[in-house]
Structures are given as structure tokens and as C-alpha cells.
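Just so you know, these numbers use all the heavy atoms, side chains as well, and skip hydrogens, waters and symmetry mates.
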Amino acid sequence: MTAALIVIITIIAVLLVVFLTWFFAMKADGKCPLCILKALGRTKLHIDIKDVDEYDNRVSPSPIMGWSSWNTLRNRIDEDSIYDTAKVLVDTGLADCGYRYVNIDDCWQSSMRDENGRLQGDLETFPSGMEALCKRINSLGLKMGLYSSNGTHTCEDLPASLGNEELDAKTIASWGVEYLKYDFCHHQNLSGSTPIIEYIDLNKKGHHSQYQLFPHQAKFTGRTRVVKCKDLETKKGIGFLNHGAGTATFDFDVDEGGTYAMTIHNHKSLLNRKQYLQVIVNGKLYEAHFPAGRSFTPEARLQLEIELESGANTITLQNPVASMADSSYICYKRMGDALREASKSWAIYTRSEEKPITYSICEWGFAHPWNWGSKAGNMWRTTMDIFASWKSIVHIYNRTIKLYEHASPGHVNDPDMLEVGNGKLTVEENKAHFTLWCMMAAPLVLGNDIRLLLDGSKKSAVILDILTNKSLILIDQDPLVKPAKLISRKGGMDIIARPLSNGDTAICFFNKSSKPKPVEFPLDSLKDDKYLQFNRSGTGYEIHDLWSGDRIRHDTISVSVPKHGVMVYRISI
């Protein structure tokens, strides 16, 4: 036997010992090790959401249009710069074209919550408060948006909303805010691990041992079952609740409905790390977060306040988190539900018309939010942040153009803010950037310093002309909300097309290469594409060039596309 073979066999033996040690340690800790192995994928959603309703908060079905502070101003914002920019939206005619959201990104908030635990504006740069600023922006006929993060802090290390979702949603709803960007910085993934549940106490406040639920009373699904508690061999508990392994359900009666303290008696984990459990009480979801504890004693307890009904009740225990995607879905949906409830409740409380809050899931595309975003919010980022460079724009386009099937009215892919007018982008690159975002039914959120558009320069006039192209804005805002799909890709030339609500078709020729490219495209070649629903005309097609405004009638488009440029048309029968 060679030395190399001996080394290989030794390595395999060591790995096998490590695996078996881990496997049996998990079983001893009440975990399903096979379920952990099955759920190693980061982006796969294991939670079954097919019966979950689409997220409906009655916002406009078309993608939002507006301006955001981050790309230009970053952390150098104050209430005057925000309000001055809002006025420019009106003065330039951008608001009349549909740009009506004024979204304040990170750094609007103080590092301190107020005496009631609520978020508040920076005491120096937003001294009038966010409600007052919102009213000033509303007086211009515009809407105000804010920013937070699905973590312990924002990207600029200021207070974020993890653990404060309901309070923060109520706070921004009370200010009149109509948009929330919810970022991913300092995010904390939910654990797929769950401790052994020994038993449950249910008591009205001030009472003791009114109702108790023991493992043998539960009905189990999947791999979940009764297991022995390590270090407490005389005790048993509910195990194998981890990583979507199964559920445990209790059906029981109580004499009086109302608020009960639910005490979950659990066995401390060998893992010494945070663990998670969902408790579904008569259809309402409660979340239990078990801390990473020290095992000086083997037993621990965690309490929730729950609502029970007089008579029959049902409690189900589960942990569906089997991947990063499951965790992100739960966390982002938590804030989405809070925002939807907050805007409704505030309207009822004030007896005013509801101002629904457009909810932007800024998860950076890590957990493929396009697969679950429509059940949690209104829009979802497909990538990390955009930059004012041609390379960044093309990268984000390439990622997002593939996701056309995931968009629908009120639920859209978000390739991030527009960089039109920023950096060293050429005129053709700016036109291409704007066109591609319109073709992809993306939110049109300006990221440039639009105050400069009033300086009277030729450059500003060109940028303003691009941003106010009403023919392209109509494409972006088409109520069908069916983004463009890739029809052809060859030699640096992409051909993309999207169907429109009146039966027309928008088609764009995108030249990624560094030299002009000729293209000749017979429009009849679109007729077999079911997504486009393109129909043949007996007299040819009306072809409307959306940048020049020219109109011709023909069956073929023959054109030269400039380098890093586009030619885009609306085709009518």
C-alpha cells in the first residue's frame, strides 16, 4: 500500500468519525441531523407559500417613481436639503411626469430612540421632526419615504427595526410616511435549531398551573416526536422540531378566553447558540427566540403572551427555517405585515383616508427574494448596490432581465436606483440605462442631484430630457406590469421585448459592445412567443421610435445601434 493511499484512507476515516460524532450529538440534543443535511442550500425556500396570499396593501400597481437621497447625498442630509430637492421635483416638471416619492435613505434617524422607544429624526439635522417634514413634502403634492434595516443597526450603524417591527411601523405610519426601504445590514439569520420542549404552562396573570400541555398530548407530523432529555433521563420532551422536520399540535379547552402567559419549559441545548420556534395559536403566529445560554442547569423557560379563546383552542409548534431564504422570508414578511396593519390602524384611529406604505425589500438578492417577495412586499432588490459605472449597470441588467416572470401588478423586481446624470456615463449610456429600467418595469427612483438640473446647462437639459421621456415612462408604468424578456443575445447585442396592456409590444435593441452594430429584425419573428402575445397585422406594423419620436409602418426594423446604446420602439398593429 502506497503512502498516498494510506493518507487518503486516514483522512476518510477521520472525516467519518467527525461526521458520526456530530450525527449522534445532534440526535442526543433532540435535533434531526438528516433534516440539517437536507437543508444546506442558502437560496432554496423550503417553506410552502403556495397558499399564502399575495401581499396586498392597496398601493399603486405600477412601479414607484421618485428620488432617493443615497446615491448623491449619502450621509450628508438634513431637512433643508431634502425639502429643497422635493421642490425641484415640482419645479422641473419631474413630479408631473410621475416622480412623486421623496425617499430619505440612511442617516435620517438619531442614534437614540425617544423616551417611548420610538425612532426619531436626528436632533441636529432634522430638528423639526419627521412628521413635520412629511407634511411639508405632502403640501407639494408629493409622498415621503424613509429607510430602516432588517437587523440590529442600519448600514450606517444607526437604530434599525429588528425586534421593533410593530412599533416602528406604527411610528412611521403616524408620521404619514408612504414608503419604506428595508435594508439587509446587520441582519441576523433565524436559527433552524429548536430546543427540546419539555412542557408548556398556560396561565392568566397572577395564576399558576391553570393549564399544562405535555408531550404525550401532542399530535406529531413529519419526524417530530417525543425524545429523552440528555442529563435528565427521567424526563422527556418534544424533539426533532428543527429545520422543518415536522410539527407538534395541541388541541385543548380553556374555561375563559383572554390574554395568557405561555411558559415554554425547554431543555438547554448542547450547542450554546440562539434557537428559534414558531408558536401558532388559533392561526395567529407568535415567535419564540431562545438565547444562547450557559448550561449551569439543564432546564430553561421562555415566556410569551398569547390570546386564547373560551372553549376549544389549538397550538402548533414548528420551526420551518431550513435555509437563509426561509429566514429572510420570515423576517421581511414580519415587517411587511406590520406596515400593512399600521397604515390601516392609523387611518381608523385618525378617521382619515389610509396612506398605504409601499414596502421595498432590500435584501440584495442573496436569498433570491423574487421567489417569495410577492408574498412579503411590493418590490425586492435583485442585486447589491448600483454604482455610476457602465459595468455596474450591465451587471445588474444581466441579473434582472432573467426575472421577468416574477413581476406582477404591485410586485416588481428592483434593480436599484437610477444613476442617470451621475459619474462619467455618456449620453448614450444614460439613455440605455433609463431605457433598460423602463423595459424591465423597474421602479424609477432618481439618484442624481436633481437640484443641478436648474442650472441652465446643456448637460442638465440633456439629463432632464432623458428622465422626462413620457413615451418610455408609459412603457415602465404600463398597468400590465409584464417586464421585458430576452428574445435574442448574439455578438454583444441583446434584443428584449415586453407586452403592453393595449396589445402593443415594446422592443429594445441593446448594444453592450464598444462599437456601433447594425441590426435587421423581422417583427414577424415575435409572433410565436406566448409571453408577448404578438399578433400579425395585414398591413404591416406601426413602428414608433421612442427616442426620436419618428413613426413608420413596416414589417422589419433595420437600424444601427450606437456603442453602449439602445434603440427602442413601440410596435402597434
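- Within the 4.5 Å cutoff, the side chain of Val281 has heavy atoms near those of the Leu308 side chain.
- Surrounding NZ of Lys204 are more than 12 heavy atoms belonging to other residues, nucleotides or ligands, all under 6.0 Å away.
- Shortest non-hydrogen contact noted between Cys107 and Glu156 is SG-CG, 3.5 Å.
- Side-chain contact between Ile315 and Asp251 is absent, with no heavy-atom pair separated by less than 4.5 Å.
- Looking at Asn319 and Asn242, their side chains never bring a donor and an acceptor atom within 3.5 Å of each other.
- To the nearest 0.5 angstrom, Leu140 atom CG is 15.0 Å from Lys135 atom NZ.
- Within 6.0 Å of atom CZ in Arg118, more than 12 heavy atoms from other residues, nucleotides or ligands are found, so the atom counts as buried in its surroundings.
- Residues Ile264 and Leu277 have side chains in contact (heavy-atom distance under 4.5 Å, counting atoms from C-beta outward).
- Counting only heavy atoms from C-beta outward, the side chains of Tyr55 and Arg340 approach each other to under 4.5 Å.
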Are Tyr199 and Leu213 close enough, and set up right, to give a side chain to side chain contact (heavy atoms under 4.5 Å, CB included), and what steps lead you there?
CA-CA 6 Å; Tyr199 66 98; Leu213 306 176; over 6 Å; no
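- In terms of heavy-atom proximity, Cys229 sits nearest to Ile196 at SG-CG2, 3.9 Å.
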What's the verdict on side-chain hydrogen bond (donor to acceptor under 3.5 Å, both in side chains) for Ser310 and Glu256, showing C-alpha distance, side-chain angles and the deciding distance?
CA-CA 5 Å; Ser310 177; Glu256 181 182 359; over 6 Å; no
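- A donor-acceptor pair is defined here as one N or O able to donate and one able to accept, closer than 3.5 Å; such a pair exists between the side chain of Lys268 and the backbone of Thr297.
- Closest approach of Ser149 and Tyr147 over heavy atoms only: CB-OH, 4.4 Å.
- Panel note: side chain Thr171, backbone Leu167; a donor-acceptor pair is recorded below 3.5 Å.
- At least one donor-acceptor pair under 3.5 Å links the side chain of Asn282 to the backbone N or O of Thr314.
- Without hydrogens or angle criteria, Glu363 side chain to Gly365 main chain gives a donor-acceptor distance under 3.5 Å.
- Closest approach of Phe290 to Tyr276, counting heavy atoms only: CD1-N, 4.1 Å.
- Closest approach of Ile396 to Met384, counting heavy atoms only: CD1-O, 4.2 Å.
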Would Val481 and Ser408 count as a side chain to side chain contact (heavy atoms under 4.5 Å, CB included) if you check the C-alpha gap in whole Å, the side-chain angles of each, and the deciding distance to 0.1 Å?
CA-CA 5 Å; Val481 193; Ser408 63; 5.8 Å; no
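- Side-chain atoms of Trp437 and Leu444, non-hydrogen and from C-beta on, do get closer than 4.5 Å to each other.
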Please assess Thr259 against Glu305 for the test side-chain hydrogen bond (donor to acceptor under 3.5 Å, both in side chains), listing each intermediate value before the final yes or no.
CA-CA 7 Å; Thr259 302; Glu305 279 194 335; over 6 Å; no
Could you go step by step and tell me if Thr224 and Ile238 meet the side chain to side chain contact (heavy atoms under 4.5 Å, CB included) rule?
CA-CA 7 Å; Thr224 302; Ile238 301 171; 3.7 Å; yes
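- The aromatic rings of Tyr332 and Tyr182 sit perpendicular, their planes meeting at an angle over 60°, well past the 30° parallel limit.
- Although no hydrogens or angles enter the test, the distance criterion places a donor-acceptor pair under 3.5 Å between the side chain of Lys355 and the main chain of Gly176.
- Distance alone, capped at 3.5 Å, is enough to place a donor-acceptor pair between the Trp372 side chain and the Ala367 backbone.
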Please assess Lys344 against Glu354 for the test salt bridge (Lys or Arg N to Asp or Glu O under 4.0 Å), listing each intermediate value before the final yes or no.
CA-CA 6 Å; Lys344 288 192 296 186; Glu354 183 184 356; over 6 Å; no
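- In this structure, His406 contributes its side chain and Trp370 its backbone to a donor-acceptor pair below 3.5 Å.
- Taking CG of Asp56 as the start and NE2 of His411 as the end, the distance is 7.0 Å to the nearest 0.5 Å.
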Verify side-chain hydrogen bond (donor to acceptor under 3.5 Å, both in side chains) between Gln120 and Asp114, making sure each step is shown before the conclusion.
CA-CA 6 Å; Gln120 60 181 343; Asp114 71 11; over 6 Å; no
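- Salt-bridge formation is not detected for the pair Glu166/Arg334: no Lys NZ or Arg NE/NH1/NH2 atom is positioned less than 4.0 Å from an Asp or Glu carboxylate oxygen.
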Go through Gln275 and Ser191 one step at a time and tell me if the side-chain hydrogen bond (donor to acceptor under 3.5 Å, both in side chains) criterion holds.
CA-CA 5 Å; Gln275 299 186 84; Ser191 172; 5.8 Å; no
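- Figure legend: cation-pi geometry between Arg136 and Tyr83, with NZ or CZ positioned under 6.0 Å from the six-membered ring centre and within 45° of its axis.
- Here Lys375 does not pair with Asp53 in a salt bridge; the nearest charged N to carboxylate O distance is not below 4.0 Å.
- Asp326 places no side-chain N or O within 3.5 Å of a backbone atom of Ser328 that could act as its donor or acceptor partner.
- The CD atom of Glu341 sits 14.5 Å away from atom CD of Glu165, with the distance rounded to the nearest 0.5 Å.
- Using bins of under 30°, 30° to 60° and over 60° for the plane-to-plane angle, the ring pair His153/His186 lands in the perpendicular bin.
- By the 6.0 Å contact criterion, CZ on Arg301 is open, its count of non-hydrogen atoms from other residues, nucleotides or ligands being 12 or less.
- With contacts defined as side-chain heavy-atom distances shorter than 4.5 Å, the pair Asn71/Ile386 qualifies.
- Remark: the backbone N or O of Pro215 is not paired with any side-chain donor or acceptor of Gln217 at under 3.5 angstrom.
- The two atoms that bring Asp476 and Ala442 nearest to each other are OD1-O, 2.6 Å, heavy atoms only.
- Residues Gln188 and Lys274 have side chains in contact (heavy-atom distance under 4.5 Å, counting atoms from C-beta outward).
- The line from CZ of Phe126 to CD1 of Ile77 is 4.0 Å long, rounded to the nearest 0.5 Å.
- Proximity of Met144 to Glu178: side-chain heavy atoms (C-beta onward) are nowhere separated by under 4.5 Å.
- Side chain to side chain, Thr247 and Thr316 fail the donor-acceptor criterion of an N or O pair below 3.5 Å.
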Show the numbers, then the answer: is there a side chain to side chain contact (heavy atoms under 4.5 Å, CB included) between Gln210 and His208?
CA-CA 6 Å; Gln210 283 184 285; His208 181 68; over 6 Å; no
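- A cation-pi arrangement is present between Arg225 and Phe240 under the rule of less than 6.0 angstrom and at most 45 degrees off the ring axis.
- For the pairing with Trp364, the side chain to side chain donor-acceptor pair (under 3.5 Å) check across Thr382, Asp416, Asp183, Asp385 returns one residue only, Asp183.
- Annotation: the span from Trp380 atom CH2 to Ile361 atom CD1 amounts to 7.5 Å, rounded to 0.5 Å.
- Residues Lys284 and Glu307 are not paired through a salt bridge, judged by the lack of any N-O separation under 4.0 Å between the basic side chain and the carboxylate.
- Using a 3.5 Å distance cut-off with no hydrogens or angles, the side chains of Asn75 and Asp106 do not pair a donor with an acceptor.
- Not one N or O on the side chain of Thr154 forms a donor-acceptor pair closer than 3.5 Å with the backbone of Ala160.
- Separating the OG atom in Ser327 from the CG atom in Asn150 is a distance of 8.0 Å, to the nearest 0.5 Å.
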